[in-house]
2 protein chains.
Amino acid sequence: MTEVHLRDALDTLKSTGVRITPQRHAILEFIIQSMSHPTADDIYKALESKFPSMSVATVYNNLRVFREAGLVKELTYGDSSSRFDFITNDHYHMICNSCGKIVDFHYPGLDEVEHLASHLTGFDVSSHRMEIYGTCPTCKEHATKVQ
Amino acid sequence: MTEVHLRDALDTLKSTGVRITPQRHAILEFIIQSMSHPTADDIYKALESKFPSMSVATVYNNLRVFREAGLVKELTYGDSSSRFDFITNDHYHMICNSCGKIVDFHYPGLDEVEHLASHLTGFDVSSHRMEIYGTCPTCKEHATKVQ
DNA sequence: TATACTTATTATAACAATTATAAATTAATA
DNA sequence: TATTAATTTATAATTGTTATAATAAGTATA
């Protein structure tokens, strides 16, 4: 699964004339296999041992490259730093109010909502995003135990 | 409409023991009547003439107070600074990719999606948010004219 | 292969939004 | 009025991100 995604992503990059450097390969690979919606700093720290001299700027630069190539989505929530998500198929995010964990929630896209919104506001709609907030099972259990 | 909201909001604050200072009153009033989802800086600049010595920190402090009192929602998008929205009834936001304008889109809450998400992930769901992206009528027209 | 040329990376400085701190002010209470 | 607590102000610090300039690496061409 991961390998297929990685190969596809690299193909996409190659076809748009973007050079595949070792750093880019590693960053992309990490995002795809991490499943944890990492921040730029997460990525930087994770690859520190492999690329001791890599700059934070390189991470940011390449996240932008990936975003512009349509490979990666930037998620901005209330907290300080953005998280990055490899784009596969339709899914939304569940966010735990207590520990901040982000979990994928697969659900068919809300096409009819897009249509209605377009109709009511006159926008040309291109996309939408949704986040669902709550308490994850782990935190729930913890809270019950403590009380 | 605005006056009712403001009065309700002040009541809520009073009942939670929060002092209603002139600055707080003005910030709240501005958010409610602005309809423009202002940033902290927008608010700061708008009230500059009325409170020449008010600090930016005061704006941020009170936005947090309002948020904690459940009066105001913080909206974070890709761009640099957060926008603040007075909480009334269920609505989502349409965002123009071209000019950044935010327009309300009233729609009944997606309760069934919340339920399904809860069922699939084991979360206790408390809320959700959704944004719909596209091009607003004005920018659409502009684009057609230019081309 | 040598040369120029483009692209990417690095190191570092700059920036901008937000938060923390401490002093001054205001309001509430005894 | 004196005391205490809450709020505002001014300013410094922090942090995520972007910009800049120099260096390095890769690509194409003579």
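Order of the sequence lines fixes the chain letters, A, B, ..., with proteins taken first and strands second; residue numbering starts at 1 for each chain.
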Which whole-number value in Å describes the distance from B/Gln23 CD to C/dT25 P? 14 Å
Round to the nearest Å and state the distance from A/Leu75 atom CG to D/dT17 atom P. 12 Å
To the nearest Å, how far apart are B/Asp41 CG and C/dT19 P? 14 Å
note: A/Leu13, atom CG; C/dT7, atom P; distance rounded to Å ~ 15 Å
Residues two or more places apart in sequence or in another chain: which of them pass salt bridge (Lys or Arg N to Asp or Glu O under 4.0 Å) with B/Asp11? none
Check the distance between D/dT7's P and B/Leu28's CG and give it to me in whole angstrom. 14 Å
Give a yes or no on whether the ring-centroid distance for B/His128 and B/Tyr92 is below 6.0 angstrom. yes
Listed nucleotide nearest any side-chain atom of A/Ser81, set C/dA27, C/dA8, D/dT17: D/dT17
Within this structure, what is the NZ-to-C1' distance between A/Lys14 and C/dT7, rounded to whole angstrom? 17 Å
Donor-acceptor under 3.5 Å (B/Thr121 side chain, B/Ala117 main chain): yes
For the side chain of B/Ser118 and the backbone of B/Asp124, is there at least one donor-acceptor N/O pair under 3.5 Å apart? no
In whole angstrom, give the distance that lies between atom CD1 of B/Ile20 and atom P of D/dA6. 16 Å
Could you name each residue pair satisfying salt bridge (charged side-chain N to carboxylate O under 4.0 Å, His left out) that touches residues 31-57 of chain B, not counting sequence neighbours? B/Asp41-B/Lys45
Using a cut-off of strictly less than 4.0 Å between a heavy atom of the residue and any atom of DNA chain D, enumerate the qualifying residues of residues 42-65 of chain A by number. A/Ala57, A/Tyr60
Examine C/dT26: is either OP1 or OP2 under 4.0 Å from a nitrogen or oxygen in the side chain of B/Arg19? Give yes or no. no
Stems of at least 3 consecutive Watson-Crick or G-U wobble pairs (donor-acceptor distances under 3.5 Å) involving DNA chain D, listed by first number, are C:1-30 with D:1-30
Among pairs that include at least one residue of residues 60-72 of chain B, which meet salt bridge (charged side-chain N to carboxylate O under 4.0 Å, His left out), considering only residues two or more places apart or in two chains? B/Arg67-B/Glu74
Which of these, B/Arg83, B/His37, B/Glu131, sits in a side-chain hydrogen bond (donor to acceptor under 3.5 Å, both in side chains) with B/His93? B/His37
From C-beta outward on B/Val18, which listed nucleotide comes closest to its side chain: D/dT7, D/dT8, C/dT7? D/dT7
Looking only at non-hydrogen atoms, find the nearest pair between A/Leu75 and A/Asp85 and report the distance. CD1-CB, 3.8 Å
Enumerate the side chain to side chain donor-acceptor pair (under 3.5 Å) contacts for residues 13-24 of chain B, please, sequence neighbours excluded, ordered by first and then second residue. B/Arg24-B/Asn62
